[in-house]
> 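This structure is in structure tokens; I'll ask about it shortly.
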Amino acid sequence: MTATPRIGVLALQGDVREHALALAEVGAEVARVRSAADLGSVEALVIPGGESTTMSKLALSNDLMEPLREARRAGMPMYGSCAGMIMLADRVTDARPDQETIGGIDITVRRNAFGRQVDSFESDLIVAGIGADPLHAVFIRAPWVESAGPEVEVLASVVSEVGAGTIVAVRQGPLLATSFHPELTGDLRIHRMFVEIVRHSR
Ligand code: GLN
């Protein structure tokens with residue numbers, strides 16, 4: 001395997017371009033993934049923000065849901081932001097009953113959780129593993145993590161008044177998920193962390 005990680009961005013729906021740019025900036029080779037064949041050509045996958053119900057439906061209609069689950073079970077590193085976090089969650093509340101996920105992270109997420117208080121907001125977070133400087137996080141109709149199993153490492157929780165105390169970044173083995181959108185702020189530390197996870201899982 002080459003030294004440069006080849007990372008796919010699930011390109012069914014959502015802010016694919018922003019993640020592709022962030023990954024390229026941290027030195028990854030980037031490919032857009034729309035089919036099982038595309039998935040077979042990458043060593044890791046980013047699942048962007050967008051709308052998880054639509055993304056899930058498109059994954060099913062493109063015959064991509066099972067290949068995604070197989071790749072995840074085989075140990076492919078995956079990083080999901082916002083809707084992507086929902087896609088990696090084992091359990092989703094406030095979802096349509098037929099909403100399917102790739103799963104893999106032993107968490108229950110609540111869709112649009114902050115939306116009950118405020119649709120979108122920004123907050124500075126301390127994120128484990130990226131250094132002491134706070135990360136400016138942007139939340140857009142974001143999910144939060146309601147509960148996490150024992151294998152899940154909590155990387156960040158909200159400290160500001162909106163949603164104080166709720167978990168918004170987690171890792172379980174090669175799977176990483178954030179409620180917020182680091183691809184929108186120019187702070188590349190989360191993408192860099194993911195590239196490190198990819199290198200270490202080789
Ligand atoms: N609310 C969206 C969902 O449930 C996620 C929002 C986002 O990705 N910015 O899928």
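Whatever order the structure lists them in is the order used to number ligands and atoms, beginning at 1. Residue indices begin at 1 and follow the sequence shown.
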> Identify all pairs of nitrogen or oxygen atoms, one from ligand 1 and one from the protein, separated by less than 3.5 Å, and list them with distances.
residue	atom	partner	partner atom	Å
ligand 1	1 (N)	Asn112	OD1	2.5
ligand 1	1 (N)	Arg141	O	2.9
ligand 1	4 (O)	Ser52	OG	3.4
ligand 1	4 (O)	Arg111	NE	2.7
ligand 1	4 (O)	Arg111	NH2	2.9
ligand 1	8 (O)	Gly50	N	2.9
ligand 1	8 (O)	Gly50	O	3.1
ligand 1	8 (O)	Ala83	N	3.0
ligand 1	9 (N)	Ile140	O	3.0
ligand 1	9 (N)	His181	NE2	3.0
ligand 1	10 (O)	Ser52	N	2.5
ligand 1	10 (O)	Ser52	OG	2.8

> Are Arg6 and Glu29 within salt-bridge range, i.e. N to O under 4.0 Å?
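Yes, this pair counts.
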> Are the side chain of Arg171 and the backbone N or O of Gly173 linked by a donor-acceptor pair below 3.5 Å?
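Checking the backbone N and O of Gly173 against the side chain of Arg171, a donor-acceptor pair under 3.5 Å is found.
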> Check whether Arg73 reaches the backbone of Gly104 with its side chain - one donor and one acceptor, N or O, closer than 3.5 Å.
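No; zero donor-acceptor contacts below 3.5 Å.
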> Counting N and O atoms only, with roles assigned by atom type, does the side chain of Asp90 sit under 3.5 Å from a partner on the main chain of Ile107, one being a donor and the other an acceptor?
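Looks like no, no N/O pair under 3.5 Å.
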> Less than 4.0 Å between a side-chain N and a carboxylate O, is that true for Glu196 and Arg189?
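Looking at Arg189 and Glu196, the cut-off is not met.
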> With clusters built from Ile, Leu, Val, Met, Phe, Trp and Tyr whose side-chain heavy atoms come within less than 4.5 Å, directly or transitively, what are the remaining members of the cluster of Ile140, listed by chain and number?
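Noted: Ile140 shares its cluster with Val138, Leu184.
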